[in-house]
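Below: one structure, written as structure tokens.
Below, chains carry the letters A, B, ... as their sequence lines are ordered, and counting in each starts from 1.
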Amino acid sequence: MTWTKQMNNRKPPMIIRLWHSLWVTLRHAWARRETVSYPEVKRPLPGRWRGRIVLTRDPDGEERCVACYLCSAVCPVDCIHLQAQQRDDGRRYPVTFRIDFSRCIFCGFCEEACPTLAIQLTPDFEMCEQHHSSLVYEKKQLLIDGQGKYPGYNFYHHAGVAVPGKTIGEADRDTPPVDHDTNLP
Amino acid sequence: MLGIIRIDGHEIPFEPGDNLLKVALAADVDIPYFCYHAALGSVGACRLCAVEIMSDDPDKVPRVAMACLEPASDGLEVSVSAPAAQQVRQRVIEFLMINHPHDCPICDEGGECHLQEMTVACGPAYRRYQGHKRTFTNQNLGPLVHHEMNRCITCYRCTRFYQDYALGDDLGAMRLRNEVYFGRFQDGPLESPFAGNLVEICPTGVFTDAIFRQHFTRVWDLKTASSICPHCSVGCNILPGARDGTLRRVRHRPHPEINRWFICDRGRYGHQYSEHTARPLTPRVAGATITYRKALIAATEQIKAAGDRIGGLGSIREDLEGNALLRALLNNLNGIFSAFNDPELEAATITAVNRIQNSDGTPSLTEMEQVDAALILGDLTAHAPMIDLALRQAYRRGAQLTVLHNGPTPLTQFAVTTLPVPPHEMGAYLSRLHERITASPASKDVQDESTAEIAERLAAARRPLLIGVVETLAASEIIALAQLATALGTDARLAYALPGANAYGAALLTLASRKTTTILEAIETGQIQTLIVAGTDPLGDTRLGSRWRAACQRLNTLIVLDCIATTTTAAADILFPVAAWAERGGTFVNYEGRAQGFAPAFKRLELLPSTAEVIADLVQCLDLYLPDAPAVLSEAFPGYQAPVPGSAGSLMPVHPLPTHIDTATRSDHEHHHKHWQAALTTWYGDEELASFAPALMKLAPTATALISPAAALNANIEEGAQVKLRGPVGTMTLPVQLDNRVADGTVALTRMALVQLGVGHGDLLELEPVS
């Protein structure tokens, strides 16, 4: 109680306070505007902005997604649905990949869970549609032709399975395969 | 005597002889482990189940030991959470992960991987080792099992199961040190009928399901329900997994008395029939697709028009409810019902069920593992694969197996005595054996040494088992086998491998034998206008197929309910596609008479009704009153209670079956030099439903005419020569393969060949070399 009284006793006289606030108002009237007239003017968004989700490709141009289902498992609103399939050459890919953006909360968990850096959130939020159904994106709408935020990463160069262009024993830090038909060291 | 051990302060009782790990797991105390398996025992290969054991002497430091190798002893103080034990486990995982590939996202085991779980539970979360990984090339192990050897952690579970438990010999460990390789000598399909269990037994992703791989989904997305395998009469408990309205895979579900941890490959991979591209999914009337309601109306009109001139065929692969409702409907309409389409199979199955009911109880699979001698009639591997696996366990425990067979059967390699017996002589041989067992010692002649040896072995056994395959036995031989069991005394156990998942229930509902013949004759004489066929294929798969086809031409309407595309569904005037077993609930009665319920795992997008539901809808359209399936069943079998899916099942109440059985069903012709006896030779994937599983069928043996070398020498036929076979319906030319497991005067043929020739097991046919 005594402390507030002291504070009140120290405040400047009324006239000074009035002139000060008027001065602040006037200064802001001629200051640079922070508001932009969206959508004519668009502000640059940071690269790590969590917006529209895309599926990226690896440096060789192949789909990065291996349909491991981790994104759909981690998704807190269950908006990702996919079905894995196997290519004849051994690469696994999602035959369907569907994201319901009317449910997506752009939390970015899918991107964190993705072990192949395939699914990425991009700085784009302009996705308004007239109908809910238009917000359900299929794989052809999600898959882009680039590597997105993480260039250079190719999951299969670290994995142990054989895919075209990489046989067993050719991954990073692999030794050539053991010849199991002999017992010689 | 029970003892007590203390694990981290909890007092846990144990049976003498148990090891610490088994005791702890039984008490729900988690000790991490890889190589231990309840069926395979301990080897101490993985070193993960390290625990700290306190010494009795307080001055001594506690020691770290492997729980799976340490016998439990009374008063032992064990710590799982001790820092020393934890450190050992962490180091073990870290070392295992040194060579483990960066595969989890593309590994089918991910989500149910033992290594993944143990690494999360004990191991370091990140890799410290920056060196190079050892790699292996993979082998092509056939269409069922996918091999990815880089993921191996050398726990030896695969070879211990494959070689030691299932007694297979084409998968083993190779090389040495940290380069041990588990595989075949050469690429090629795994030969064991139980190879699919490698998928479940492997704690990581070395062996994965090659079928599941084609439409892979993670375990957390699968819809499952307690289910029963529909592929043979053993009734293994299974767990079908489905997603997005399609069935993806089947795994075992433990039943303490039946399959425990394993199922056969037919059960694991035969489920593909429900996703077969030719499967009927929309109702058809006169070949045109139509809505379900319109099909019901069409069927109702035809049934009304037929009045009491109606017949119905249930099925040995159809559940109890569907069969019972169909029978109730036909009783209401004064029609005739049979659950069989082959009179001989009907007589044999009803006889077998009668004998099972009159015996002291058929042994379960776990009881079969304890027998010390067994007389096996026929090919158990093909007709009841899991009984074969149970007898392999009996063999491992020292049981002496005797196999009487008409054609090749894998169990012969474990038998003390194997005897090829032509189908027609089986009855005579069984009565000789019976005489030998019952005869006084003095009157025993010494001429037939093998018979004497078999008889003595059975008589000397403490727990002999007599088991016959019903599909390849006539009713008289089934009775003879039961008499043999009676002659051996009360310790002898009797079992029959029945022809279908619900053959037992079908026999109970058919009641009298010769019902099938009655229906067939009634159709031929025009007394039946409308025939309802539920889940069976009379036109396509029996020795009487041609007679059924001719008879069905006389029908006004053929109404078919089925979930696979058969000759009968193709000929149907009105077709109701029904749900496959995983899409509906029901009850199967297995070879012991154990009724087991199964629950629907999922619904297809087409929302197909079950057989019982279609019949209930028909009943409603016909303005009849019938109680629902459980009420019909409890009326038919007093004391019957529908078994709850997931429970151990309940034995069917004893139900009076006809004791007088027409035994003269098998045609006994004069043996002519041109006449050979046809014998059914099958393999473990041969079953009506499983034959629609494409991957399993890739393993089917090629069709040949198998004859014994001696008979071939007599008839002057060489191996590989083409022979022309002539049956009552058709002829076919097949290459000859010599096999000394085939009886003399017998030609062993595949089921497809028998259908084409129009002969059944034991029928006569003509064979002549093609010049």
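For A:D172, no part lies near chain B; criterion is any non-hydrogen pair under 4.5 Å. For chain B, the nearby part of A:S72 is the side chain; its heavy atoms alone come within less than 4.5 Å. In this structure, chain A has no heavy atom under 4.5 Å from any part of B:N99. Using a 4.5 Å cut-off between heavy atoms, B:Q214 contacts chain A through its backbone alone, with no side-chain atom that close.
Screening B:T204, B:L198, B:V199 for a side-chain contact (heavy atoms from CB on, under 4.5 Å) with B:C202, the sole residue that qualifies is B:T204.
If you look at B:H102 and A:F155, their ring centroids are closer than 6.0 Å.
By number of non-hydrogen pairs under 4.5 angstrom with chain A, the leading residue of B:M174, B:E179, B:E148, B:R213 is B:R213. For chain A, the option among B:C107, B:G110, B:P105 with the highest count of heavy-atom pairs below 4.5 Å is B:P105. If you tally non-hydrogen atom pairs under 4.5 Å between each of B:M149, B:R175, B:H100 and chain A, the highest count goes to B:R175. Of the listed residues (A:V95, A:V66, A:D181, A:D174), the one with the most heavy-atom contacts under 4.5 Å to chain B is A:D174. If you tally non-hydrogen atom pairs under 4.5 Å between each of B:Y181, B:F185, B:F136 and chain A, the highest count goes to B:Y181.
Side-chain contact between A:R17 and A:P12: present, with at least one pair of heavy atoms (C-beta onward) separated by less than 4.5 Å.
Under a 3.5 Å cut-off, the side chain of B:R248 and the backbone N or O of B:R243 do form a donor-acceptor pair.
For the residue pair B:Q139 and B:R184, no side-chain donor N or O sits within less than 3.5 Å of a side-chain acceptor on the partner. Inspection of the B:T119 and B:Q116 side chains reveals no N or O donor paired with an N or O acceptor under 3.5 Å.
When all heavy atoms are compared, the tightest approach of B:L696 to B:A690 is CD2-CB, 4.1 Å.
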